[in-house]
Amino acid sequence: MKTIAVANQKGGVAKSTTCWEIGTCLKDMGYKVLVIDFDQQSNLTGYVNADRSKPSIYDCLKADASMEDAIQVTEDFDFISASEKLSKADKEFSAPEDIYLLKELLKFIEDDYDFAIVDNSPSRNSLLNMSYIAADFVIIPTECDTGSIDGIDAIYGDLTKYRKINWTNAQVAALILTKFENTAMHTLAYEQLEEKSEEMEEHPFVMKVRKGIKVSESKLAMQSLQRYDHYSNPAFDYRDIAKALVERLGVN
Ligand SMILES: Nc1ncnc2c1ncn2[C@@H]1O[C@H](COP(=O)(O)OP(=O)(O)O)[C@@H](O)[C@H]1O
Ligand SMILES: [Mg+2]
């Protein structure tokens, strides 16, 4: 099983959308996929219409539920929901070894899945660190504004630090420019991402997802874009990204 953390300290850059779409695309390609909502805001839990009465990842971290108990089968992939109780994580999981909690939990189900995809909150908190430690790869979605592009440096800085002290081997696999429009500003942002990739040891691939109203419409319909409008531009783009990801990760 490969674990992929989707992260950017900026909100609204399409982290949760990216988890949903890539998760669905990988499932449609025949892989076994588990998606975990690791954000106290629980947006993805709402998007996929998960059952909130079931144990959440918070209950698993607290050892009040097993991963098997928390896994829900959705239309698109298997899923573990978030809970607003995750907001207590910084206080509750502050022991040094707690940084390994998510990694340890994932070991229980690693034979059952090809991919685990972890959706993160915009904050740079203990949960985000847990997810870096658990991850083999990180995907960074970003919009074309400076704030979210700067998020790339923050993540790469943290990862480099953690790799040095052997906390993780996680590599950035992809930089994704989301809500792309064919304007000079967006093209410039895309070039900036290519430069950033060059500067990184692991040279992540850079791709874009075109902007489309269907992305928000699909959420109102509680369907992934792959199901809601399979032939829309952003749906195409996410399928291309999923294919590139499989190639990059060397998964059969
Ligand atoms: N390619 C896109 N085109 C148009 N809107 C998008 C696109 N990707 C995401 N959005 C919209 O942007 C908003 C934020 O997306 P979300 O995935 O929740 O971001 P995050 O998880 O980073 O906070 C949502 O309303 C979503 O529908
Ligand atoms: Mg989100």
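No experiment lies behind these values; they were computed from the predicted model shown. Order of listing sets the numbers, starting from 1, for every ligand and every atom in it.
There is no side-chain donor-acceptor pair under 3.5 Å between Y132 and D158. Under 3.5 Å, the side chains of K219 and T17 contain a donor-acceptor pair of N or O atoms.
Geometric assessment of K208 against the ring of Y190 yields a positive cation-pi assignment under the 6.0 Å and 45° thresholds.
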### Query
When you look at L34 and M1, which way does the side-chain contact (heavy atoms from CB on, under 4.5 Å) test go after all the steps?
CA-CA 10 Å; L34 174 69; M1 183 179 82; 5.8 Å; no

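Not a single N/O/S atom of S121, whether from backbone or side chain, sits less than 2.8 Å from the Mg ion (ligand 2).
The two residues S126 and D90 make their nearest non-hydrogen contact at OG-OD1, 2.7 Å. Residues F77 and T74 share a closest heavy-atom pair of O-OG1, 2.7 Å.
Around ligand 1 you find G11, G12, V13, A14, K15, S16, T17, Y47, K179, V209, R210, K211, G212, V215, S216, K219, each with a heavy-atom distance below 4.0 Å.
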